[in-house]
Each structure stands twice: as C-alpha cells, then as structure tokens.
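Worksheet: one structure, shown below.
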Amino acid sequence: MSRGLVLGGGGIAGIAWEIGLLSGLAAAGADVRDADLVVGTSAGSIVGTLLRTGADLEELHAAQLGPVPATERAVAFDGAAFAATVAGALAGARGEQESRARVGALALRAETMPESERRAVIGARIGSPEWPAARLVVTAIDTADGEFLAVDRDTGWPLLDAVAASCAVPGVYPPITVGGRRLMDGGLRSPTNADLAAGCDRVLVVAPTGGFPGSPLGPSLDDELATLRRDGEAHLVLADDAALAAFGRNPLDPATRAPAARAGRAQAERVAGEVRAFWG
C-alpha cells in the first residue's frame, strides 16, 4: 500500500501550524513521516523539506514557540487587496495557464526585496540540503507563460532554489531565477496541488486553507480530492477555527508563528484518532 502526504500553502503561519499539527500527530501515535510521497506547496514545501531531510519534529515545534529569528522580517500583506489585484489582471484571460501568466507579469513588475535576500530567508529555514532519497515534490509556476511545474530530484535544480520558488508569493516576494526561468509560488494554481499524489492508495492532505471553488487559476480542492478518490482514499485536515484565528489577517507576519504552532498542536489532539486509523 502506497501512502502520500500533501502539505499545503499558508505563509509563515501555515508553516507553524503544519509543524504543530504534525508534531502533535506523531506524539499521539499518528506519525506520517513514512509517506512514500510528500507533495509540498509554498509553506508545505518548507515543511515537506524539513520532514524529508530528517529534522526532529519536537525541535521544530519548540523553535516555532521561541524567539523569531532575525531573518524572518514582517512584510505587509492584505489578502483582500491581493485578491482584487489578481481579479483585475485576469479579466478576459482564456484558460488557467494564461491566467497564471497574467499574475506572473504582476510578479515581475512588483517592487520586492532582492532575490539574494529571499534565498537567504529560505536558507535560514531549511539550510542547503540535497534532495532526499525519499520522494519529495515541490510546486512552482513559470511567470513567463504560467506553466505549472512539479519539481523533484530528477528535475536537476538545487532543492533550496526549488523551495524558494515555491514560496515566492507574487507581488510580495521576488520570483526566483532557476535555469533561466523566473518562478513563483506553486500555490497560485492551488493551495494544495493534491492531485499530484494521484496513484497513491491513501493520501493525507494537510492544508491551512482549502482555496476557492471555481478559481480560474487551477483545480479546486474538491476536484483534487475527487481525482485522488478515483483509485484510492483521501483524508483532509484543514485548519480549524482556532487555527484560522491564530493566523490573523496577515499569515506572512512572523508574529503568527507561536500562536499558529500552538493551534496546530491542539488540533492534532482532536484529529489524531481519525488520522491514525486512516494512515494505518
């Protein structure tokens, strides 16, 4: 029986919540680190990399509760304004890929921190690891043409670059240059991209947010779950109300780390039994 773990996007708050949840699940006997496949998008690419490269979950959780590292500086982010800007750019677009390319054009024009600074931020989170032997897929999008990319060890890119690209929220962080391409956040297609785990017998989807039905940028979470359930089973854990409250209005604010991690740990206590039964 093959098992997949999908880790969705959700900013700095999402990273902390996923770490809190996964560490709590492991402590309750529902350790999912033995997945045959891990798919990570944006925040999930950070957490997936940490899991696959052997980081200790309890230490990761403790770090989220501790002082915020100097490398984690706050950025302004207004979700409603971001959605309005994206909606304006998509007027008249034909198809999902063209829609993503239009957002890519916005990302290329935006004034952000330098790429080198952003790479340093991601490096401070994950180090400079090699691709793990166990399968890890992270997602990104080409700003030029909106192509969706599922990046793994065979792609030939440094893992740090792939993760930095997956976390490049358009308009907030700079697109990351890899192999001559300027790449942005894979969460633009879908916060989860759970359909990449199709073919696994059981897939656990862990996501701070489920996205928006009817998005012109990519499939809905419901569509992804339907794809997974054609040939296997899927179980979904979304952030609960307490976690969403902990995320606040700006999930890119490092001040959300501790409350989001605590919310994830508390939620793990409530869902551990069902996850343990599903994971087998």
Side-chain angles (χ1 to χ4, degrees), residues 6-15 17 39-45 74-113 115 118 138-150 164-176 181-196 205 207-227 236 238-239 241 243-245 247-253 256 260:
V6 173
L7 300 170
I12 290 175
I15 293 171
W17 175 79
V39 176
T41 290
S42 201
S45 73
V75 295
F77 180 74
D78 184 323
F82 175 77
T85 299
V86 169
L90 299 185
R94 293 174 294 182
E96 295 173 354
Q97 186 165 337
E98 181 181 332
S99 296
R100 296 192 296 263
R102 291 199 181 190
V103 181
L106 292 177
L108 292 171
R109 293 197 300 268
E111 294 185 6
T112 64
M113 68 179 70
E115 274 191 65
R118 183 60 180 160
V138 301
T139 64
I141 292 169
D142 193 319
T143 57
D145 61 6
E147 181 184 3
F148 174 67
L149 303 167
S166 190
C167 294
V169 180
V172 180
Y173 302 122
I176 300 298
R181 309 174 84 169
R182 302 295 306 285
L183 305 175
M184 63 181 175
D185 196 332
L188 190 66
R189 174 186 183 258
S190 157
T192 49
N193 295 301
D195 51 330
L196 294 181
V205 181
T209 176
F212 302 97
S215 169
L217 299 165
S220 70
L221 178 56
D222 285 344
D223 289 340
E224 293 172 356
L225 292 174
T227 296
L236 174 65
L238 290 174
D241 289 343
L244 293 175
F247 295 173
R249 294 187 176 183
N250 182 3
L252 303 182
D253 185 347
T256 62

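- A search for side chain to side chain contact (heavy atoms under 4.5 Å, CB included) contacts involving Arg249 returns nothing, not counting sequence neighbours.
- Residues satisfying the salt bridge (charged side-chain N to carboxylate O under 4.0 Å, His left out) criterion with Arg182, sequence neighbours excluded, are Glu115.
- With sequence neighbours excluded, the residues satisfying side-chain hydrogen bond (donor to acceptor under 3.5 Å, both in side chains) with Asp142 are Arg181.
- Between Ala168 and Tyr173, the shortest heavy-atom contact is CA-CB, 4.2 Å.
- Here the straight-line distance linking atom CD of Gln97 with atom CD1 of Ile141 works out to 9.5 Å at 0.5 Å rounding.
- Every residue was checked against the side-chain hydrogen bond (donor to acceptor under 3.5 Å, both in side chains) condition with Thr256, not counting sequence neighbours, and none meets it.
- Residue Trp17 comes nearest to Pro208 through the heavy atom pair CZ3-N, 3.6 Å, listed as atom of the first residue, atom of the second, then distance.
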**Request:** Would you check, one step at a time, whether the test side chain to side chain contact (heavy atoms under 4.5 Å, CB included) holds for Val75 with Thr112?
**Result:** CA-CA 10 Å; Val75 295; Thr112 64; over 6 Å; no

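- Atoms CG and CZ, on Leu252 and Phe82 in that order, are 9.5 Å from each other to the nearest 0.5 Å.
- Contacts of Phe212 classified as ring pair (Phe, Tyr, Trp, His ring centres under 6.0 Å), with partners at least two apart in sequence or in another chain: none.
- Nearest heavy-atom pair, Gly210 versus Pro191, reported as atom, atom and distance to 0.1 Å: C-CG, 4.4 Å.
- Applying the side chain to side chain contact (heavy atoms under 4.5 Å, CB included) criterion to Leu244, with sequence neighbours excluded, gives Ala239, Asp241, Phe247.
- Residues Pro216 and Leu90 come closest through the heavy atom pair CG-CD1, 3.5 Å.
- For the pair Leu196/Thr41, no side-chain contact is recorded, criterion being any heavy-atom separation below 4.5 Å from C-beta on.
- Applying the salt bridge (charged side-chain N to carboxylate O under 4.0 Å, His left out) test to every pair with at least one member in residues 77-95, sequence neighbours left out, gives these pairs: Arg94-Glu98.
- In this structure, CG in Leu149 is found 10.0 Å from CE in Met184, a value given to the nearest 0.5 Å.
- Under the side chain to side chain contact (heavy atoms under 4.5 Å, CB included) criterion, Ala194 pairs with Val6, Thr192, Val205, Glu224, Leu228, not counting sequence neighbours.
- In this structure, CG on Leu188 lies 10.5 Å from CZ on Phe148, to the nearest 0.5 angstrom.
- In terms of heavy-atom proximity, Ala43 sits nearest to Gly14 at CB-C, 4.3 Å.
- Residues satisfying the side-chain hydrogen bond (donor to acceptor under 3.5 Å, both in side chains) criterion with Ser42, sequence neighbours excluded, are Asp185.
- Going from atom CG of Leu7 over to atom CG of Asn193 covers 12.0 Å, rounded to the nearest 0.5 Å.
- Under the rule for a salt bridge (charged side-chain N to carboxylate O under 4.0 Å, His left out), the partners of Asp195 that lie at least two apart in sequence or sit in another chain are Arg189.
- Considering all non-hydrogen atoms of both residues, Ala13 and Ala260 come closest at O-CB, 3.4 Å.
- Residues meeting the side-chain hydrogen bond (donor to acceptor under 3.5 Å, both in side chains) test with Ser220, sequence neighbours left out: Asp223.
- Qualifying side chain to side chain contact (heavy atoms under 4.5 Å, CB included) partners for Ser45, counting only residues two or more places apart in sequence or in other chains: Val138, Val163, Ser166, Cys167.
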